[in-house]
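Have a look at the structure below before the remarks.
Remember, it's 1-based here, ligands and their atoms both numbered in the order they're listed.
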Amino acid sequence: MHLTREEEEILAGEKGESRRKAMELVVALGKIYGADGLVDITSAHLSGASYKTIGDGGLKYLDDMAKGGAAVSVPSTLNPIGMDRKRWKEMHITPHFAEKQLEIIDLYGKMGVRTTCSCTPYLGDNIPSAGDHVAWAESSALSFVNSYIGAKTNREGGPGALASAILGKTANYGLHIDGNRKPTVIIDAETDGSVFSYSMLGQAAGMAIGSGIPYFRGIHPTVDDAKTMSAAMAASGAVALYHVEDVTPEAGNFDISGLEMIYIGEKELENAYSRLNTAEDVQLIALGCPHLSHKEMRDIASFLKGKKKKNRDTEIWFCTSAKVREDCPEEVKIMEEFGLVLADTCMVVAPIEGVFKRTGTNSAKAGNYLPTLCSQEVMCRDISGLMDAVI
Ligand code: F3S
């Protein structure tokens with residue numbers, strides 16, 4: 001693996017201990033995956049932000065890095081944390097958890113990370129351009145920027161993305177190489193055009209192919225459709241890049257003749273849907289996985305307007321970014337008659353397992369993770385199907 005003289009100096013510790021540690025990690029990953037060298041990145045998006053998922057070990061790691069003077073050298077945003085910074089008490093969060101969580105945020109802030117705490121930074125806070133090399137963690141977000149925007153990132157983990165953010169470089173392998181971005185399978189797909197059907201399509205596609213690079217035909221996803229489909233495919237499989245004929249920027253770049261073809265239609269979507277449903281009733285309805293966009297906030301508010309919440313025992317969380325919440329005061333007012341509009345967090349990285357046992361979601365990604373990471377039984381329906389129980 002070729003390193004420039006400056007990169008060798010960083011690796012030798014001549015530019016400080018935290019940069020040495022970062023270089024050691026990036027080079028180690030590069031050697032494992034056969035990188036020929038490093039490539040400059042224009043941005044990073046970091047996961048590993050919730051105290052629930054990183055615990056005291058992760059907190060100590062961040063503390064050591066910050067005390068060692070670590071600082072990011074490219075625009076870097078942060079994934080959701082375990083609570084809304086302002087409304088954590090309403091989420092049943094303990095003071096101990098809140099204190100630790102705020103320490104984590106503080107440490108990322110000290111390293112220069114923008115503590116936006118959202119999994120949809122590509123909707124406003126951190127938007128790569130087509131062709132940019134970036135180092136993004138968060139499987140849904142990195143799949144979206146790879147596929148829908150045409151930026152280039154591998155499926156980074158939290159420490160790897162932080163190390164790349166510090167260096168402004170990542171190892172040049174995998175999806176940074178154009179030849180590795182070729183489709184591996186054609187999926188002829190049919191949806192009913194709803195966001196929910198795109199979530200089920202992502203679920204079915206991930207289940208069918210596992211990892212690989214699908215080339216979809218027959219669909220025309222909008223930003224919100226692609227957002228939920230990216231999340232679902234990365235959760236039910238390990239898909240980090242897909243192409244959609246006549247929609248995504250690189251779809252026309254490859255010869256797809258001779259590729260295996262599979263079909264996903266009504267029967268396959270129904271099968272995906274039935275796999276995700278294990279609960280008949282719910283204690284929490286949580287929307288916003290990935291975080292709600294401006295349009296989704298408008299759609300939900302207009303769906304709820306004029307209705308009344310009848311079942312007061314079921315809590316409702318609408319998860320979005322702080323920016324979207326701030327931009328949508330009228331929608332927030334309507335939605336808050338039904339539940340909490342939360343920023344910074346989500347139903348999966350918040351410690352809901354101590355409070356709820358059965359959760360409703362319209363997201364296949366959440367449907368995959370709620371049982372394993374949050375010990376929840378799940379009801380997976382579209383928004384009106386979920387709301388039927390409470391309004
Ligand atoms: Fe985002 Fe949480 Fe879903 S991080 S993609 S809302 S699991």
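Side-chain atoms of Y148 and S143 form no donor-acceptor pair, as typed in the model, at a separation below 3.5 Å. Checking Y51 against E103 by side-chain atom types alone, no donor-acceptor pair falls below 3.5 Å. Between the side chains of R114 and N126, no donor-acceptor pair of N or O atoms lies under 3.5 Å. A donor-acceptor pair shorter than 3.5 Å can be found between the side chains of D36 and N172.
Checked against a 6.0 Å centroid threshold, the rings of F216 and H243 do not count as neighbours. For Y122 and H45, the ring centers sit 6.0 Å or farther from each other.
With hydrogens left out, the protein atom closest to atom 5 (S) of ligand 1 is K365 NZ, 3.4 Å, a heavy atom. Counting protein heavy atoms only, atom 3 (Fe) of ligand 1 is closest to C289 SG, 2.3 Å.
Atoms of ligand 1 found under 4.0 Å from any heavy atom of E138, numbered from 1 in the order shown, are 4 (S), 5 (S). Heavy-atom proximity to S140, at under 4.0 Å, picks out these atoms of ligand 1: 5 (S). Of all atoms in ligand 1, numbered sequentially from 1 with element shown, those under 4.0 Å from a heavy atom of V348 are 7 (S). Atoms of ligand 1 lying under 4.0 Å from any heavy atom of P80, numbered from 1 in the order shown and given with element: 4 (S). Atom numbering of ligand 1 starts at 1 in the shown order; those under 4.0 Å from a heavy atom of C119 are 1 (Fe), 4 (S), 5 (S), 6 (S). Close approach to G288 involves these atoms of ligand 1, each under 4.0 Å from a residue heavy atom: 6 (S).
When the heavy-atom distances from atom 2 (Fe) of ligand 1 to C346, A286, A350 are ranked, the shortest goes to C346.
Other residues, nucleotides and ligands contribute at most 12 non-hydrogen atoms within 6.0 Å of the NZ atom of K323.
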